[in-house]
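These notes concern the structure reproduced below.
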Amino acid sequence: MPVISFVSPKGGAGKSTAALLLATELAQKGARVSVIDADPLGWISDWGSKPDKPRNLEILPKPTEETVIDQIEAAQQRSQFVIVDLEGTANMLVAFAISQSDLVVIPTQPSHMDGRGAAQAIKLIKQQEKAMRRSIPYAVLFTRAKAAIRTRSQGNIEAQLKNAEIPVFQTQLLEREAYRSIFSFGGTLKQLPANTYKLDDAIKNARAFVGEVISLVTAHRNAEKRGSRADEAQEEMA
Ligand SMILES: Nc1ncnc2c1ncn2[C@@H]1O[C@H](COP(=O)(O)OP(=O)(O)OP(=O)(O)O)[C@@H](O)[C@H]1O
Ligand SMILES: [Mg+2]
């Protein structure tokens, strides 16, 4: 079952927020979800200790370099989606989690500094692709974007990414009060107080992100299946 990791060596890029939105929306649709909370700040574990955590969503404590691969494999046996929220740094644990991923999401705030964080994350992914001799799909996710405004620095980063043929999510996660509130209230977006500012927009935005994650994972899985069928055909002909 697909493993989706959230990676950016830049602290505060929006990894834990995007990871929790993905986990809660998938769980609300009825999927069995495991979240590996490898962020030393433990925001998702804190969220999980509050009321209203969906029962089909489990949170696993921070693994070590030695245990992370086994923990991911075990979670894959139990769940339809395994989500890994990683520390805002580049270390072996992050590299091992990338090596096991079917999709790496790279949250990036639209600023120059964060753009560099994304470049570092992509370097790490490329290293793991070489080490594992397989392609590891990834895409940059703009986070905390201001609704209608696309700032000049965001425009610059987007142009650079396009030039470098780096995939970018069409959906950008906007700066929304609901995405902060979910951590203090617990539960899912839908369970937040109805007077939360622009709650409906926040839910639509999160669902668009989840929809894109599912399409990327499915597209990769189908490509892999086609690849293995082609390999089998070649073996038969040989
Ligand atoms: N889309 C958003 N809307 C509103 N607030 C956000 C959004 N994304 C992140 N934040 C806020 O920004 C801060 C950092 O976000 P978050 O903890 O998700 O980043 P992170 O990449 O996981 O950080 P770290 O590297 O420290 O683990 C938090 O206070 C969070 O509530
Ligand atoms: Mg975090």
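We count ligands from 1, going down the list as the structure has it; atoms in each ligand are counted the same way. Residue numbers count from 1 along this sequence.
- Closest protein heavy atom to atom 25 (O) of ligand 1: Lys15 NZ, 2.8 Å.
- The protein does not reach atom 28 (C) of ligand 1 closely, with no heavy atom under 4.0 angstrom from it.
- Crowding of Lys190 atom NZ: a count of heavy atoms from other residues, nucleotides or ligands under 6.0 Å not exceeding 12.
- Atom 5 (N) of ligand 1 has Arg180 NH1, 3.0 Å as its closest protein atom, hydrogens excluded (heavy atom only).
- At a threshold of 4.5 Å between non-hydrogen side-chain atoms, the residues Asp85 and Ile83 do not count as touching.
- Every atom of ligand 1 is numbered from 1 in the order shown, and the set under 4.0 Å from a heavy atom of Tyr179 is 1 (N), 2 (C), 3 (N).
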Problem set entry | Verdict with supporting geometry, Ser34 and Glu58, side chain to side chain donor-acceptor pair (under 3.5 Å) | CA-CA 5 Å; Ser34 296; Glu58 66 166 2; 2.6 Å; yes
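- Closest to atom 13 (C) of ligand 1, if we only count protein heavy atoms, is Arg144 NH1, 3.8 Å.
- Lys29 is linked by a salt bridge (Lys or Arg N to Asp or Glu O under 4.0 Å) to nothing, counting only residues two or more places apart in sequence or in another chain.
- Of all atoms in ligand 1, numbered sequentially from 1 with element shown, those under 4.0 Å from a heavy atom of Leu41 are 26 (O).
- If you check which protein heavy atom lies closest to atom 3 (N) of ligand 1, you get Arg176 N, 3.0 Å.
- Atoms of ligand 1 found under 4.0 Å from any heavy atom of Gly11 (numbered from 1 in listed order, with element): 25 (O).
- Inter-residue side-chain proximity for Asn205 and Leu173 is flagged as met; some heavy-atom pair is nearer than 4.5 Å.
- Within the 4.0 Å heavy-atom shell around ligand 1 one finds Leu174.
- Taking a 4.0 Å cut-off on heavy atoms, Asp39 registers as neighbouring ligand 1.
- Using a 4.0 Å cut-off between charged nitrogen and carboxylate oxygen, Glu25 and Arg207 count as a salt-bridge pair.
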For this session: Please assess Gln191 against Thr188 for the test side chain to side chain donor-acceptor pair (under 3.5 Å), listing each intermediate value before the final yes or no.
Result: CA-CA 5 Å; Gln191 290 166 309; Thr188 63; 3.2 Å; yes
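- In this structure, the side chain of Ser5 does not engage the main chain of Val3 through any donor-acceptor pair within 3.5 Å.
- For atom 19 (O) of ligand 1, the nearest non-hydrogen atom of the protein is Gly14 N, 3.0 Å.
- In this structure, Ile157 CD1 and Gln109 CD are separated by 10.0 Å, a value rounded to the nearest 0.5 Å.
- A continuous path of hydrophobic side-chain contacts links Ile44 to Leu103 [ILVMFWY only; heavy atoms under 4.5 Å].
- By the rule that hydrophobic residues join a cluster once side-chain heavy atoms approach within less than 4.5 Å of another member, Ile182 and Leu174 end up as members of separate clusters.
- Counting the atoms of ligand 1 from 1 in the order shown, those under 4.0 Å from a heavy atom of Thr17 are 8 (N), 9 (C), 10 (N), 15 (O), 16 (P), 18 (O), 30 (C).
- Considering backbone and side-chain atoms together, Ala13 places an N or O closer than 3.5 Å to an N or O of ligand 1.
- Linking Ile, Leu, Val, Met, Phe, Trp and Tyr whenever their side-chain heavy atoms come within less than 4.5 Å leaves Leu86 and Leu141 in two separate clusters.
- Side-chain contact of Ser135 with Glu129: a donor-acceptor pair under 3.5 Å is absent, judged by distance alone.
- Remark: minimum distance from atom 24 (P) of ligand 1 to any protein heavy atom is reached at Gly12 N, 3.4 Å.
- With ligand atoms numbered from 1 in the order given, ligand 1 contributes 25 (O) to contacts under 4.0 Å with heavy atoms of Gly88.
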For this session: Start with the C-alpha gap between Leu20 and Tyr179, add the side-chain angles, then the distance that decides, and say whether side-chain contact (heavy atoms from CB on, under 4.5 Å) holds.
Result: CA-CA 9 Å; Leu20 182 63; Tyr179 301 158; over 6 Å; no
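- Atoms of ligand 1 found under 4.0 Å from any heavy atom of Ser16, numbered from 1 in the order shown, are 18 (O), 20 (P), 22 (O).
- Screening the protein for N, O or S atoms under 2.8 Å from the Mg ion (ligand 2) yields 2; no waters enter the count.
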